[in-house]
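Some notes on the structure that comes next.
When a ligand or atom number is given, it counts from 1 through the structure's own listing order.
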Amino acid sequence: MILHESLRLYPPVTTIGRRANEDIVLGELSIPAGVLISSPVILLQHDKEIWGEDANKFNPERFKEGISSATKGQVTYFPFSWGPRICIGQNFATLEAKMAVSMILQSFSFQLSPSYAHAPQSIITMQPQYGAPLIFHKL
Ligand code: HEM
């Protein structure tokens with residue numbers, strides 16, 4: 001839940017681009033071959049119409065019944081992309097993150113340093129502009 005909510009608010013890949021390789025009709029949209037299509041992951045994942053008034057708040061509980069329940073079955077959470085070219089490393093990355101957090105929590109508690117300044121920026125990937133300094137306490 002915590003990882004999902006972190007990836008919802010701060011998706012490392014903020015926009016996914018595609019080029020139509022043939023003429024496509026999507027509902028009422030006609031997309032000619034060659035047109036570039038940009039899927040703004042970060043905008044959909046912050047949209048209040050989809051996530052509610054607390055869309056910009058960190059609330060891992062919204063994923064307590066899984067992704068399909070949180071998104072009401074729509075493709076509105078896709079930090080690893082979607083479809084045939086979905087991230088091949090998705091399961092590996094998620095497992096690695098869970099293992100790293102659980103190994104750290106076995107030996108340490110931690111808090112955010114008072115020097116932290118919240119300034120996410122997207123330079124190829126989303127990252128904290130001034131880093132994310134933490135203070136660790138040995139258990
Ligand atoms: C939090 C970690 C990660 C995130 C958020 C992420 C996100 C993404 C996204 C959004 C794409 C689609 C990009 C596009 O089509 O324009 C992608 C593709 C890909 N990712 Fe990841 N990724 C992560 C970790 C990893 C890891 C750990 C690996 C490998 C061990 C990996 C390997 C790949 C590969 C090979 C593709 C291309 C798949 C294809 O085009 O068929 N990713 N990833």
- [ ] Please confirm whether the backbone N or O of I37 pairs with a side-chain atom of R18, one donor and one acceptor, at under 3.5 Å?
- [x] no
Task: Donor-acceptor contact present, side-chain Q111 to main-chain I135, <3.5 Å - done: no
Open item on the list: Using a 4.0 Å cutoff against the non-hydrogen atoms of S81, which atoms of ligand 1 qualify?
Closed with: 10 (C), 12 (C)
TODO: Measure the distance from atom 41 (O) of ligand 1 to every protein heavy atom, then report the residue, atom name and distance (to 0.1 Å) of the closest one.
DONE: R85 NE, 2.8 Å
Task: Ligand-residue contact atoms, ligand 1 with P12, heavy atoms, under 4.0 Å - done: 5 (C)
Task: Whether E65 side chain and A70 backbone form a donor-acceptor pair below 3.5 Å - done: no
Task: 4.5 Å side-chain heavy-atom contact, S107 and K138 - done: yes
Task: Ring geometry between Y77 and W51 (parallel below 30°, tilted from 30 to 60°, perpendicular above 60°) - done: perpendicular
Task: Protein heavy atom at shortest distance from atom 30 (C) of ligand 1 - done: F92 CD2, 3.9 Å
Open item on the list: Checking a contact table here: which protein heavy atom is nearest atom 6 (C) of ligand 1, and how many Å away?
Closed with: F80 CD2, 3.6 Å
- [ ] Going by heavy-atom distance to atom 10 (C) of ligand 1, choose the closest among A93, G17, S6, P79.
- [x] P79
Task: atom 26 (C) of ligand 1 [closest protein heavy-atom partner, distance rounded to 0.1 Å] - done: G89 CA, 3.8 Å
Task: Identity and separation of the nearest protein heavy atom to atom 34 (C) of ligand 1 - done: I88 CG2, 3.4 Å
Open item on the list: So V25 and S30, do their side chains get closer than 4.5 Å, heavy atoms only?
Closed with: yes
Open item on the list: Any non-hydrogen side-chain atom of F110 less than 4.5 Å from a side-chain atom of L105?
Closed with: yes
- [ ] Below 4.0 angstrom from a heavy atom of R18, which ligand 1 atoms are there? Numbered from 1 as shown, please.
- [x] 14 (C), 15 (O), 16 (O)
Task: Nearest-neighbour protein heavy atom for atom 20 (N) of ligand 1, which is reported as residue plus atom name and distance - done: C87 SG, 3.1 Å
Task: Backbone of P32 reached by a side-chain donor or acceptor of D23 within 3.5 Å - done: no
Task: Verify atom 8 (C) of ligand 1: protein non-hydrogen atom under 4.0 angstrom away - done: yes
